[in-house]
Protein chains: 2
Amino acid sequence: MPCVYEYSRPALTVDCVVFGFDGGDLQVLLTRRGLEPFKDRWALPGGFVHLDETLDEAARRELAEETGLREVFLEQLHTFGAVERDPRERVVSVAYFALVKPTAATAATDAAEAEWFPVASIPPLAFDHAEIFAAALARLRGKLRYDPLGFELLPPKFTLSQLQGLYEAVLGTALDKRNFRKKALGFDLLVPLNEKHRDGAHRPAQLFRFDPAKYRRLKKQGFLFEL
Amino acid sequence: MPCVYEYSRPALTVDCVVFGFDGGDLQVLLTRRGLEPFKDRWALPGGFVHLDETLDEAARRELAEETGLREVFLEQLHTFGAVERDPRERVVSVAYFALVKPTAATAATDAAEAEWFPVASIPPLAFDHAEIFAAALARLRGKLRYDPLGFELLPPKFTLSQLQGLYEAVLGTALDKRNFRKKALGFDLLVPLNEKHRDGAHRPAQLFRFDPAKYRRLKKQGFLFEL
DNA sequence: CCAAAAGTGTTGAAACTACACCCATGG
DNA sequence: CCATGGGTGTAGTTTCAACACTTTTGG
């Protein structure tokens with residue numbers, strides 16, 4: 001029998017919008033609900049915040065538990081507090097968005113009831129998760145332009161074409177190859193490796209890595225990224 | 001005697017970072033705490049979220065109760081969830097930032113224990129409110145550049161010099177008068193009024209108003225503001 | 001030798017920066 | 001008539017967008 005205190009404050013959860021990139025499409029990781037309400041519907045991975053953990057910790061813990069993902073890029077998105085967003089009782093949810101590299105991404109698929117969906121064809125979602133997802137996608141699109149988030153979705157070594165493909169997939173627009181390369185290299189944040197990417201019957205591509213330390217140094221001096 | 005449920009979930013509050021502009025400095029509205037902990041310290045206005053209100057509603061209600069402010073521009077900022085941010089018990093706080101026009105701002109001063117402080121000289125704050133304030137200021141600075149937020153801090157009728165002064169106060173840099181005017185007028189979002197601003201022994205200034213409807217229309221077509 | 005993606009420069013247009021003087025008013 | 005802030009244009013530089021062909025490889 002619940003006492004009055006159960007109803008005196010909202011429940012608090014975290015939900016994660018996890019993005020991945022397979023080289024073609026931008027994707028999102030969803031889990032299938034095992035319980036009512038919305039049993040068998042797809043939903044964002046997430047769960048209740050414990051009293052002894054921060055919000056970020058809760059998000060990481062839930063991600064690990066439900067999808068097996070660890071060490072992902074995680075950033076708080078927005079807190080959703082509509083009164084009726086959960087039919088059972090008042091639940092406020094702190095939403096996060098996460099970016100995972102392809103290596104980690106494939107590991108996640110092996111786990112439990114988690115599955116990747118291209119963002120263009122998301123199934124119906126539980127609760128207000130469609131709204132949360134839309135907010136996350138908008139944020140990713142907006143931020144990609146002036147923050148080097150993209151590298152969190154690529155393997156540590158990547159080609160310029162892969163980088164461009166990612167920008168095109170996320171922004172939904174075609175980009176000019178020469179202009180893109182000029183800009184991307186102009187920042188001096190991509191270091192060429194002594195390694196080529198061989199992939200099929202054509203000229204092999206130069207591999208690069210992103211230099212995050214240098215980026216942080218530049219950012220402190222009021223530098224802007226902007227691709 | 002509290003039952004176990006009191007401790008099974010964090011308490012949830014909202015806190016508001018309210019900015020105003022007096023023509024010279026960017027200011028923040030603080031309230032003096034009447035109770036322990038941090039009794040007599042300055043703090044951000046805020047309070048507990050009720051079960052039957054959204055987070056936005058809670059923020060507006062608390063603002064009205066503690067400062068008398070209504071009809072302000074309000075936007076969710078970030079949710080703060082450090083485990084020890086409140087010494088009494090686990091409290092998670094959804095922070096908002098608010099922008100108020102000078103007319104409303106003076107009304108607020110008359111109210112209760114609320115007072116405006118220039119952002120350059122904020123007193124010590126309760127809890128983690130200094131951190132919240134810093135996040136709000138950073139967000140305001142960042143967003144001002146590509147979102148027409150500034151008009152929420154000016155009276156409905158304003159001169160270009162007032163607008164420029166606001167940008168300079170928020171961004172902390174001097175701007176070139178001619179370039180600023182060119183850009184500001186170039187968007188075609190400022191409509192000149194048949195009215196001048198008389199103020200002292202010099203040429204009176206043209207008054208303008210911002211056209212929010214037109215802005216929304218342009219934004220839908222993928223238009224970017226950026227001053 | 002063919003298909004397929006990698007790689008590379010230039011040019012015209014637009015936007016940005018820097019900069020100095022006259023105007024209208026109140027006292 | 002003087003002090004004060006309002007208001008205006010241009011030139012040099014930089015950045016941006018558009019655009020097509022050669023290179024390297026595997027099959």
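On a predicted model such as this, the values are computed, not experimentally measured, just so you know. Naming: A, B, ... by sequence-line order, numbering from 1 per chain.
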**Q.** Salt-bridge present (B:R61, B:E57; N to O < 4.0 Å)
**A.** no
Q. Taking the nucleotide of DNA chain C with the closest heavy atom to each, which residue, A:A205 or B:G200, is nearer the 5' end?
A. A:A205
Q) Starting at NE2 of B:H197 and ending at C1' of C:dG26, how long is that distance when rounded to a whole Å? A) 14 Å
Are any protein N/O atoms closer than 3.5 Å to N/O atoms in nucleotides 8-14 of chain C? If there are, list each pair with its distance.
residue : atom : partner : partner atom : Å
C:dT10  : O4   : A:K182  : NZ           : 3.1

Q | Minimal non-hydrogen separation, A:R85 against A:D128, with atom names | A | NE-OD2, 2.7 Å
Q: Rounded off to whole Å, could you give me the CG-to-C1' distance for the B:L160 and D:dG7 pair?
A: 10 Å
Q. C:dA6 C1' sits how many Å from A:K196 NZ, rounded?
A. 9 Å
Q: Identify the two heavy atoms, one from B:L189 and one from B:Y215, that lie closest to each other, and give their separation to 0.1 Å.
A: CD2-N, 3.6 Å
Q) Would B:R60 and B:E53 pass as an ion pair if we require N to O under 4.0 Å? A) no
Close N or O pairs between protein and nucleotides 2-4 of chain D (under 3.5 Å):
residue : atom : partner : partner atom : Å
D:dT4   : O2   : B:A201  : O            : 2.9

Q) Pick one: which of A:D15, A:V17, A:D56 meets side chain to side chain contact (heavy atoms under 4.5 Å, CB included) with A:Y96? A) A:D56
Q) Quick one: does B:P204's side chain get under 4.5 Å of B:H197's, heavy atoms only? A) no
Q: Could you label the plane-to-plane angle of the A:F80 and A:H78 rings as parallel, tilted or perpendicular, counting under 30° as parallel and over 60° as perpendicular?
A: perpendicular
Q: Take atom CG of B:L163 and atom C1' of D:dG6, then tell me their distance rounded to the nearest Å.
A: 15 Å
Q.
If I take atom CD in residue B:Q164 and atom C1' in nucleotide D:dG6, what distance separates them, rounded to the nearest angstrom?
A. 11 Å
Q: Establish, yes or no, whether a centroid distance under 6.0 Å links the rings of A:F208 and A:F158.
A: no
**Q.** Length of the CZ-C1' vector between A:F180 and C:dA6, whole Å
**A.** 14 Å
Q: Examine C:dA5: is either OP1 or OP2 under 4.0 Å from a nitrogen or oxygen in the side chain of A:S161? Give yes or no.
A: no
Q. Between A:Q27 and A:W116, what is the shortest heavy-atom contact and its length?
A. NE2-CB, 3.4 Å
Q. What integer distance in Å separates B:L175:CG from C:dC16:P?
A. 13 Å
Q | Euclidean distance, atom CZ of residue B:R198 to atom C1' of D:dG5 [Å, nearest integer] | A | 14 Å
